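Comments concern the structure below.
Since the structure is predicted, the reported quantities are computational estimates derived from the model, not experimental observations.
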Amino acid sequence: MGILGEIFAPIIPALICGGLILGFRNIIGEVNFFNDAGAFDLQHGTRSIADMWTFWNGMYNFLWVIGEAVFHMLPVGICWSVTRKMGTTQILGIILGLTLVSPQLLNGFSVATATAESIAAHTYDFGFYSFLGTGYQGQVIASLMAAFVLVWLEKFFTKVTPEVVRMSVVPFMSLVPAVFIAHLVVGPIGWTIGNAIADVVNWGLSSDVRVLFAALFGAVYAPLVMTGLHHMTNAIDTQLVNQLGYTTLWPMIALSNIAQGSAVLAMAVLQRRNERAEQVNIPACISCYLGVTEPALFGVNLKYKFPLVCGMIGSALAAMVCTGFGVQALSIGVGGLPGILSIVFSFWGVFAACMLIAVVVPFVLTLLVGSRRLGEKDRGLAAVPSAPEPSAPAPAAEATPRALLAPLSGAVRPISEMPDPVFSSKAMGDGLAIEPAAGADTVVAPADATVAATMPGSNHAIGLVLDDGMELLVHVGVDTVEMGGDGFSCLVEQGQRVSAGQPLMTFLTEKIAAAGHPTTVAFIVTAEGAARELEFASGMSAEAGQTVVASYLA
């Protein structure tokens with residue numbers, strides 16, 4: 001779950017945007033507010049807002065350009081994010097993702113209804129073996145597996161290929177096999193898992209234990225969304241609507257949307273003083289209540305884990321009541337709070353009660369659990385110590401300008417460009433990313449300081465404490481702890497006093513690159529101490545121990 005969270009963190013803004021767009025499209029294009037005569041009639045309506053007005057019809061159609069890019073083309077973003085997280089070539093991840101959603105393949109959402117001619121046109125015959133070229137639009141598991149195959153291949157060939165031919169050999173030997181494995185091995189596995197889940201759902205809806213099945217389905221639907229396998233339920237819903245004129249599955253899906261959104265709403269209340277968290281919580285909650293849960297799941301609930309579980313519990317309870325009373329939906333596509341508009345009118349009262357359960361239970365549970373599990377930092381409650389009022393105001397001490405020197409020679413960039421979300425998200429503090437210059441293999445002290453921490457066994461990072469209380473971390477490369485100290489050497493000891501410009505550690509960029517890790521160095525201020533007005537300088541070439549890369553007052 002932690003790995004999934006780190007992989008999806010860079011994709012969250014796109015998911016939030018896409019979620020809001022799809023929710024808006026649901027309202028204007030999927031809900032039939034009007035009858036054939038043009039009168040407002042929710043019970044017997046056959047025409048939506050988009051059907052009534054040309055402008056809204058154009059808006060409904062054009063906004064799908066963005067919605068399709070976000071959700072149908074999601075494998076592209078996933079493959080890119082995996083390679084970014086693992087420190088391999090990101091453009092290869094993007095290309096792999098594009099091959100999973102290529103228009104040359106049969107669209108993954110059209111497989112069930114594809115004609116014999118379409119299947120034949122998308123079948124690739126190699127003589128000894130043939131397969132149907134199927135796209136994986138919206139699929140998460142297949143995309144993750146394919147991306148990790150690519151990462152493993154690239155790291156393997158990087159290690160065994162001589163550097164002189166690495167640029168041409170490694171991309172070819174990594175990407176081409178990964179594409180074949182994705183379509184011949186990973187894809188079929190993903191579809192098999194999806195078909196198995198669809199069969200189980202179909203059986204559960206028609207069995208004597210459908211209430212217990214509803215509890216299980218209501219609980220696990222949100223995790224299914226995180227894998228992309230929830231798209232398989234669309235085929236079941238469509239078949240039920242065509243055969244019976246209604247579906248009892250879609251109401252549970254709409255309730256799951258509401259339950260996860262209510263968990264996010266509780267997080268918004270708990271974190272109302274955390275401005276950064278609210279930037280994700282509020283749009284994610286709105287998106288969820290409009291029927292699109294990915295922003296809430298990956299941006300909030302999966303990150304903290306307990307909101308996800310609280311939402312699952314509320315969804316399960318609401319689904320049991322919903323299925324027990326046989327609530328029916330006339331169509332699919334309208335999720336979240338607007339989902340009641342797709343429910344058969346005679347079931348509106350029962351479904352409204354189910355919606356209330358899906359709102360109240362996750363909200364209350366998340367509030368109770370979050371009030372105990374969330375720390376003051378997560379809630380934005382910075383403790384402000386109260387000081388006794390002095391009898392006479394003391395004169396303010398004059399602040400002294402101070403500077404931090406570059407710990408390494410190389411190109412200085414903002415920390416947001418560090419190829420590791422732990423650093424780029426500023427979770428450990430603000431700072432800089434430094435790409436080592438050719439021959440730059442020594443880290444020096446950026447200021448007079450005391451060595452606070454070394455990394456025995458790996459020697460890949462070092463911590464410093466300045467006299468004014470500022471704490472610094474210099475971390476060489478990404479995931480270089482896995483190298484076990486190979487190519488690294490620490491020149492100082494914990495507790496040792498060092499001067500600005502004094503060598504602290506050495507490393508071999510060739511060995512880091514050969515191990516398949518980025519060589520970028522993270523220079524982080526983990527605690528500011530007495531410093532204020534801290535400013536970083538980037539976009540330049542720095543000399544170790546000479547170039548000022550940060551300034552502050554203390």
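In this structure a side-chain-to-backbone donor-acceptor pair under 3.5 Å is missing from Asn57 to Thr54. A donor-acceptor pair is defined here as one N or O able to donate and one able to accept, closer than 3.5 Å; such a pair exists between the side chain of Asn257 and the backbone of Gly336. Between the Trp348 side chain and the Ile340 main chain, a donor and an acceptor come within less than 3.5 Å of each other. Using a distance-only test at 3.5 Å, with no hydrogens or angles considered, a donor-acceptor pair links the side chain of Ser262 to the main chain of Ile258. Listed for the His122 side chain is a donor-acceptor partner under 3.5 Å among the backbone atoms of Ser118. No donor-acceptor distance shorter than 3.5 angstrom exists from the side chain of Trp80 to the backbone of Ile91, with no hydrogens or angles considered.
Distance check, rounded to the nearest 0.5 Å: CD of Gln90 to SG of Cys79 gives 12.5 Å. Taken to the nearest 0.5 Å, the CG atom of Asp420 stands 8.5 Å off from the CZ atom of Arg84. Between the CE atom in Met483 and the CD1 atom in Ile512 there is a gap of 5.5 Å [rounded to 0.5 Å]. The OG1 atom of Thr88 sits 13.5 Å away from the CH2 atom of Trp152 when rounded to the nearest 0.5 Å. Distance CE/Met252 to OG1/Thr323: 4.0 Å, rounded to 0.5 Å.
Side-chain contact of Glu435 with Thr520: a donor-acceptor pair under 3.5 Å is present, judged by distance alone. Checking Tyr124 against Gln104 by side-chain atom types alone, no donor-acceptor pair falls below 3.5 Å. A donor atom on one side chain and an acceptor atom on the other are found under 3.5 Å apart for Thr46 and Asp36. Side-chain atoms of Ser315 and Gln260 form no donor-acceptor pair, as typed in the model, at a separation below 3.5 Å.
Under the 4.5 Å side-chain criterion, counting only non-hydrogen atoms from C-beta, Leu255 is not in contact with Tyr221. Taking the side chain as every heavy atom from C-beta outward, Leu290 and Ser287 never approach each other to under 4.5 Å.
Classified by interplanar angle (parallel below 30°, tilted 30° to 60°, perpendicular above 60°), the ring pair Tyr136/His183 is tilted. Classification of the Tyr129-Phe131 ring pair by plane angle, with boundaries at 30° and 60°, yields parallel.
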Under 3.5 Å, sequence neighbours excluded: what are the donor-acceptor pairs made by side chains of residues 153-162?
from	atom 1	to	atom 2	distance (Å)
Glu154	OE1	Thr89	N	3.3
Glu154	OE2	Thr89	N	3.1
Glu154	OE2	Thr89	OG1	2.5
Thr158	OG1	Glu154	O	2.6
Thr161	OG1	Phe157	O	2.5

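Listed by chain and number, the residues in a salt bridge (Lys or Arg N to Asp or Glu O under 4.0 Å) with Glu278 amount to none (sequence neighbours excluded). For Phe423, the ring-ring contact (aromatic ring centres under 6.0 Å, His included) partners are His475, not counting sequence neighbours.
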CA sep, side-chain torsions, deciding dist, call: Ser424, Glu417, side chain to side chain donor-acceptor pair (under 3.5 Å)
CA-CA 6 Å; Ser424 62; Glu417 297 184 18; over 6 Å; no

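A cation-pi contact links Arg25 to Tyr60, judged by a cut-off of 6.0 Å to the six-membered ring centre and 45° from its axis.
Among the candidates Val176, Leu175, Val170, the single residue satisfying the side-chain contact (heavy atoms from CB on, under 4.5 Å) test with Phe172 is Val176.
Checked against the 6.0 Å centroid criterion, the rings of Phe351 and Phe347 do not qualify as a close aromatic pair.
For Phe40, the CZ atom is densely surrounded, since the number of other residues' heavy atoms within 6.0 Å is greater than 12. No more than 12 heavy atoms of other residues, nucleotides or ligands lie within 6.0 Å of CZ in Arg210, so this atom counts as exposed by the packing criterion.
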